[in-house]
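What follows is a set of notes on a single structure, which appears directly below.
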Amino acid sequence: MLFAERWFGPDDPVRLEFLAQVPVLQGIVTALHDVRAGESWPEDRLSRLREQIEARHLRFCAVESIPVSEPVKLGLPERERHMDSYCASLEAVARVGVKVVCYNFMPVFDWTRTTLAEPLPDGSIALSYDQAALEHLKLGHGGGVLPGWAAQHTPAELQRWLAAYRHVDEKRLWENLECFLKRIIPVAEANGVSMALHPDDPPWSVLGLPRIVTNAAALQRVLDLVPSPANGLTFCTGSLGANPDNDLPGMIRQFGGQGRIHYVHLRNVLVRGPKSFSECAHPNGVIDLGECVRALVETGFAGPVRADHGRMIWGEQGRPGYGLYDRALGLMYLAGLHEAATRRHARSAHSLP
Ligand code: DNO
């Protein structure tokens, strides 16, 4: 696997130079964050990002993410134009040599949390989620804003999207996902790009919005909709692991065994009760990351892996979940797990008759 981290571009308070000092780091994932969903990405800006990354002796190894517009997820007429733009972006990404594209199909909001600064017993700060607290937010009515997403939609836009989804249940969302995949996967395949669908975070319906990419059966259904190797997954342990019913190493063996995991996010969560969890340091929490790494090694996974979110520690301020220090610690822990799993796998291969 290739150890990577997310960099939000030249405005990121975590400078690329600092990320490059993490000993095991080989790659960077980033995106053109200011291009609106539905518009196509300019190739010259992608080339400049690549030059900056390569100047630090790192690889631009994945795009995270090319966002899917709401009209595509809702199945509105503009989706045709938006899907054309999406395909143009995939072609541009491929031309600058990036071969993995992460995306999600969550209505309105991407990852959802109720607190961005939950104090953990050791004094560090983490993101957390509680379903009851979420349902109390009166979004966009001059009332609550969803932590992390206040700036993404104006209150009027938000109301418009929330109202539009009243007509889109899970069945319709699946149909719209199928339409999207049938349009873009052939283009990705022709350009040597592996699409990596990120699971819903958290993996259940929020605020009455449908969410469908939540468990093993759903992930298999996604893959079966278009049976091309270019139609694959971002396997995110933190998202799927918030539901303790998900058997993560088993899922890695199932989908990795089919060669359909193209990108991995490895982080941990403390599950506090039904639909209630807090993020935590990588070695703590309910997820056995050692077993997950072992399953990845045994299924021959060779793509990018990142530590995903970290806590805020040692007084660091910045983008919630995306400080430097805890992500660096997490990556070092993952590198240790990987080294142990690789040696064990090599030993067991040699002991075969
Ligand atoms: C959270 C990330 C997600 C992810 C998107 C992929 O920090 O894991 O925002 O990038 O869901 O489209």
Side-chain angles (χ1 to χ4, degrees), residues 4-9 12 14 27-33 35-38 41 61-70 72-73 86 89-90 93 98 100-116 126-129 146-152 177 180-181 184 188 193-204 206 209 211-214 218-219 222 231-242 261-269 277-280 282 287 303-312 318-324 326-327 330-331 334:
E5 255 322 325
R6 189 176 198 177
W7 175 58
F8 285 92
D12 192 332
V14 178
I28 288 292
V29 302
T30 189
L32 297 178
H33 297 97
V35 180
R36 283 181 74 84
W41 284 17
C61 59
V63 159
E64 180 175 353
S65 310
I66 306 184
V68 179
S69 72
E70 297 309 324
V72 170
K73 289 179 268 182
Y86 205 99
S89 299
L90 291 181
V93 162
V98 182
V100 176
V101 171
C102 174
Y103 70 105
N104 73 76
F105 216 75
M106 288 176 253
V108 189
F109 301 108
D110 187 338
W111 57 270
T112 309
R113 299 290 181 271
T114 43
T115 316
L116 301 183
L127 309 178
S128 72
Y129 177 94
L146 194 59
W149 301 110
Q152 203 198 20
L177 175 59
F180 174 71
L181 291 175
I184 59 139
V193 169
S194 297
M195 296 301 296
L197 176 60
H198 190 285
D200 299 345
D201 180 7
W204 51 74
V206 297
L209 295 164
R211 285 195 163 193
I212 54 176
V213 190
T214 55
L219 294 178
V222 169
N231 178 26
L233 306 172
T234 295
F235 196 86
C236 177
T237 59
S239 304
L240 293 163
I261 297 181
H262 298 317
Y263 180 30
V264 175
H265 289 175
L266 290 173
R267 68 177 166 84
N268 220 324
V269 287
F277 63 87
S278 167
E279 298 188 2
C280 60
H282 288 77
I287 299 171
V305 172
R306 70 176 181 89
D308 203 7
H309 304 167
R311 302 161 301 150
M312 282 298 175
R319 184 187 287 268
Y322 285 97
L324 172 64
D326 202 37
R327 284 191 296 153
L331 209 58
L334 297 174

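Just so you know, ligand 1 is whichever comes first in the structure, and atom 1 is the first atom listed for that ligand.
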message: Return the closest protein heavy atom for atom 12 (O) of ligand 1 as residue, atom name and distance.
response: Ser65 OG, 2.6 Å
message: Only heavy atoms of Met106, strictly under 4.0 Å: list the atoms of ligand 1 that pass.
response: 11 (O)
message: Below a 4.0 angstrom heavy-atom separation, can you tell me which part of Arg267, side chain or backbone, both or neither, approaches ligand 1?
response: neither
message: My understanding is that only one of His265, Glu5, Glu279 makes a side chain to side chain contact (heavy atoms under 4.5 Å, CB included) with Asp308; could you say which?
response: His265
message: Using a 4.0 Å cutoff against the non-hydrogen atoms of Asn104, which atoms of ligand 1 qualify?
response: 5 (C), 6 (C), 11 (O), 12 (O)
query: What part of Asp201, side chain, backbone, both or neither, has a heavy atom within less than 4.0 angstrom of ligand 1?
result: neither
query: Hey, what's the ring geometry for Tyr103 with Phe180, parallel, tilted or perpendicular (30° and 60° as the breaks)?
result: tilted
- prompt: Quick one: are Ser239 and Arg267 in side-chain contact, heavy atoms under 4.5 Å?
  reply: yes
Side-chain heavy atoms of Asp201 within contact of Arg113, under 4.5 Å: yes
message: Quick check: do Trp7 and Val29 have side-chain heavy atoms less than 4.5 Å from each other?
response: no
Protein contact to atom 10 (O) of ligand 1 [nearest heavy atom, distance to 0.1 Å]: Glu64 OE2, 2.5 Å
query: What atoms of ligand 1 come within less than 4.0 Å of a heavy atom belonging to His309?
result: 1 (C), 7 (O)
- request: May I ask whether Gly321 has any heavy atom positioned less than 4.0 angstrom from an atom of ligand 1?
  value: no
Contact atoms of ligand 1, heavy-atom distance to Asp308 under 4.0 Å: 8 (O)
message: If you define the side chain from C-beta out and look only at heavy atoms, does anything of Met312 sit under 4.5 Å from Asp326?
response: no
- prompt: Which bit of Tyr103 is near ligand 1, meaning a heavy atom under 4.0 Å away: side chain, backbone, both or neither?
  reply: backbone
- prompt: So, does Arg327 use its side chain to make a donor-acceptor pair with the main chain of Arg6 at under 3.5 Å?
  reply: yes
message: Give the atom numbers and elements of ligand 1 that come within less than 4.0 Å of a heavy atom of Tyr322.
response: 1 (C), 2 (C), 7 (O)
- line: One finds that the ligand 1 atoms under 4.0 Å from a non-hydrogen atom of His265 are 8 (O)
query: At a non-hydrogen distance cut-off of under 4.0 Å, which region of Arg319 contacts ligand 1 (side chain, backbone, both, or neither)?
result: neither
- prompt: Of all the non-hydrogen atoms in the protein, which one sits nearest to atom 9 (O) of ligand 1, and at what distance?
  reply: Asp110 OD2, 2.8 Å
field: Met106 side chain near Arg211 side chain, heavy-atom distance below 4.5 Å
entry: yes
message: Would you say that Met195 contacts Tyr263 through its side chain, given a criterion of any heavy-atom pair below 4.5 Å between the two side chains?
response: no
message: Treating Tyr86 as the side-chain partner and Ile66 as the backbone partner, does any N or O pair qualify as donor plus acceptor under 3.5 Å?
response: yes
- prompt: Can you list the ligand 1 atoms lying under 4.0 Å from a non-hydrogen atom of Cys102?
  reply: 6 (C)
